[in-house]
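Down below is the structure, laid out as structure tokens.
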Amino acid sequence: MSILIDENTRLVTAGITGSEGTFHTLRNRDYGTKVVAGVTPGKGGQNVDGIPVFNTFEESVTQQGANTAMIFVPPPFAADSILEAEAAGIELIIAITEGIPAHDELRAYSVIKKNGRSRLIGPNCPGILSPGKANVGIIPAQFFKPGNVGVVSRSGTLTYQIGNVLAQSGFGNSTIVGIGGDPVPGTDFVDVVAMFQDDPETELIVLSGEIGGDAEEKAAEYIAAHVTKPVVAYIAGFSAPPGKTMGHAGAIVSGSSGGAEAKAAALEAKGVKVGKTPTEVAELAIELLGAAA
Amino acid sequence: MDLLEYQGKQLFARHGVPVPSGKPARTVEEAVAAAEEIGYPVAVKAQVQIGGRGKLGGIKIATNAAEARAHAEAILGMDIRGLTVYELWIEGASDIAAEYYASVVFDRSAKAPLVMLSTKGGMDIEAVAEEDPDAIAHLHVDPLVGFQDFHGRELAFKAGVDADVVRPIGAILKQLYHVFVAEEATLVEVNPLIITPERGVRALDAKVTLDNNSFFRHKENAELRDLSAEDPQERMAKERGLTYVKLDGNIGILGNGAGLVMSTLDVVKLAGGEAANFLDAGGGSKAEAITSAVEVILANPRVTAVLFNIFGGITRCDEVARGLIAAFAQIKPTVPFVVRLDGTNDVEGRKLLAEADLPNVYTEATMDGAAAKVVELAGPARA
């Protein structure tokens with residue numbers, strides 16, 4: 001098994017006719033993801049390498065049975081696109097776009113939560129990869145193979161870094177979920193960790209966090225109360241000065257909150273092993289997996 | 001982006017939040033003219049984003065032109081905790097009967113705006129929150145509903161404000177919420193919010209953080225600047241569309257992806273070094289972007305060595321290598337470079353670097369090894 005995406009995923013890409021949208025959608029299809037449609041308002045009736053393009057999400061659902069949306073729309077229009085996908089009843093919406101205004105994200109998040117029929121992953125995330133089954137987003141699939149490690153991360157490249165060390169030691173992944181680096185992620189660590197706990201294929205969970213917000217602290221509480229599988233964690237940003245946004249819009253230490261030490265301490269207090277470097281996290285995971293075997 | 005007090009107050013005034021009348025000034029003459037126009041007494045206030053600037057000599061009251069001149073001369077150009085004062089805000093001095101606290105915060109944890117009100121204003125609110133948490137009234141607002149009048153009353157009653165100001169306080173909270181939404185702020189804070197002897201309510205300070213991602217639809221906000229906090233390399237990076245943050249150390253850092261770059265800074269620190277900057281070259285970086293980034297990193301005179309930490313996903317390592325080779329041809333750096341290329345097209349990238357045989361460039365296979373090497377080459381940070 002895997003979580004969120006698999007062989008039953010039927011993907012529609014918003015912004016498929018843009019260069020990034022085209023490039024990554026075709027990469028996802030090459031990997032084996034079922035790409036059933038694209039949406040670009042005003043370009044309905046066209047196709048991108050055989051993938052039919054519609055004017056609206058609704059048509060992609062009624063005509064092609066799309067159940068997963070990937071948002072590649074530029075920031076000024078991205079929240080609107082997320083809300084359109086939600087209104088069309090799409091269950092899983094994966095927003096890759098970076099730079100969406102925080103108040104737009106808040107509105108989209110609030111609508112999705114209120115209606116309770118869709119799940120949003122991201123924005124500002126690399127997407128999701130279930131190795132051997134489906135890839136939705138920009139994760140370079142060549143570094144990963146099927147296996148028993150579930151990974152959830154606020155950062156893309158850091159995920160590849162950790163995953164690559166694991167792969168070199170022969171370990172694969174059930175699913176890799178990038179929840180994104182923005183202040184209002186649609187899905188948090190807690191949500192994904194809960195899914196991995198319920199996924200029979202996942203035997204170990206790697207959580208890769210960073211400065212800003214309190215999602216890691218909440219995950220620590222949740223893990224202590226509900227998770228029986230081993231969890232190892234990494235936190236980036238120990239040396240980040242307060243008040244500075246470190247690349248990701250959500251990566252900022254504000255006053256006394258959001259610092260890396262407090263996050264690592266919260267996780268360790270609940271029995272989660274925290275590695276000092278990405279390499280050390282992978283090594284901790286390998287050690288635990290080895291012991292389990 | 002964090003606004004200066006006067007920029008926040010001008011924003012408040014545009015939305016009808018009562019603030020003392022005032023004018024910004026960049027020269028002594030402008031300051032005196034502003035004081036004359038406003039009428040004495042006036043407060044001469046240094047425009048820097050440092051808490052407690054009053055205690056550090058950054059705020060003075062002037063009762064006549066000579067005093068206004070003397071204070072402006074003293075404060076302009078002053079160094080307050082490392083920030084130089086380039087701008088003053090001259091405003092009519094206020095009589096104060098009570099000091100309250102009000103704020104609207106983008107609460108990431110609850111994923112909703114949080115409005116706070118306290119009668120314990122004029123002091124550090126984090127300290128109040130710790131010592132006397134009940135002194136702060138909290139209310140989360142459903143962003144789909146917005147701030148209603150009853151929210152204002154509820155907060156005012158909970159905070160225990162004087163009965164005669166419940167309505168005006170409620171009204172000002174509603175206005176502050178409006179500023180928060182209309183200007184797409186992530187923080188709107190007033191400390192102190194004062195009650196005058198005439199029982200009027202006014203924002204005596206303004207702390208506003210705007211969301212840079214919203215600037216495409218707020219052109220006037222995008223043009224706001226804080227000269228005291230501007231850094232030449234950050235400016236240069238911004239003009240080139242690079243994500244760069246200046247830091248205190250001497251090791252220049254370039255990586256791809258915010259998380260990996262943050263992690264690189266940490267690994268360098270663990271190896272005993274100090275990073276000079278955060279620079280995320282982004283996904284899919286082309287050679288020109290790399291060359292441009294190297295120029296920004298080396299524009300910081302403190303840099304004694306540079307670390308490239310690339311894990312190629314969408315980014316191709318051969319492109320990064322080409323960018324570095326081009327940068328060497330153009331700028332001829334004199335400091336050593338340590339390069340770690342892993343991921344997409346890493347073999348081609350390393351081969352290109354080997355063939356180019358750049359002076360003073362070292363390749364390392366791992367992130368940890370690269371950090372150790374660059375710390376060794378950089379030497380201790382210069383004071």
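Because the structure is a prediction, the values reported are computed rather than measured. Numbers restart at 1 for each chain; the letters A, B, ... are given by sequence-line order, proteins then strands.
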| Flag if over 12 foreign heavy atoms under 6.0 Å of CD, B:E220 |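 Yes, because the 6.0 Å sphere around CD of B:E220 holds more than 12 heavy atoms from other groups.
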
| Under 6.0 Å from the CZ atom of B:F215, do we count more than 12 heavy atoms belonging to anything else shown? |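 Yes, because the 6.0 Å sphere around CZ of B:F215 holds more than 12 heavy atoms from other groups.
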
| request: Starting from the C-alpha separation in whole Å, work towards a yes-or-no answer on side chain to side chain donor-acceptor pair (under 3.5 Å) for A:S239 and B:D266. | output: CA-CA 6 Å; A:S239 52; B:D266 293 347; 2.7 Å; yes

What part of [X] is in contact with chain A, defined as an atom under 4.5 angstrom from a non-hydrogen atom: side chain, backbone, both or neither?
X      : result
B:K111 : both
B:N212 : neither
B:L144 : side chain
B:F180 : both
B:A371 : neither
B:F216 : side chain

| message | Between A:K244 and B:E234, is the salt bridge (charged side-chain N to carboxylate O under 4.0 Å, His left out) condition met? List the steps. | response | CA-CA 12 Å; A:K244 296 271 189 183; B:E234 289 190 350; 3.5 Å; yes

| request: Output the distance between atom CD (A:Q161) and atom CD1 (B:I310), rounded to the nearest 0.5 Å. | output: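 So the gap between those two atoms works out to 11.5 Å.
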
Between the side chain of [X] and the main-chain N/O of [Y], is any donor-acceptor distance below 3.5 Å?
X      : Y      : answer
A:H103 : B:A185 : yes
B:D280 : A:G247 : no
B:R108 : A:P185 : no

| field | Segment of A:T279 engaging chain B (4.5 angstrom heavy-atom cut-off) | value |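 Looking at A:T279, just its side chain touches chain B.
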
| Under a 4.5 Å heavy-atom cut-off, does chain B meet the side chain of A:F238, its backbone, both or neither? |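 Both the backbone and the side chain of A:F238 come within 4.5 Å of chain B.
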
| message | Quick check on the structure: residues of residues 114-126 of chain A within a heavy-atom distance below 4.5 Å of chain B, by number. | response | A:K114

| said: Do B:S109 and A:K218 pair up side chain to side chain, a donor and an acceptor below 3.5 Å, judged on atom types alone? | reply: yes

| said: Is any side-chain heavy atom of A:P75 closer than 4.5 Å to one of B:N213? | reply: no

| field | Salt bridge flag under 4.0 Å for residues B:R217 and A:D104 | value | yes

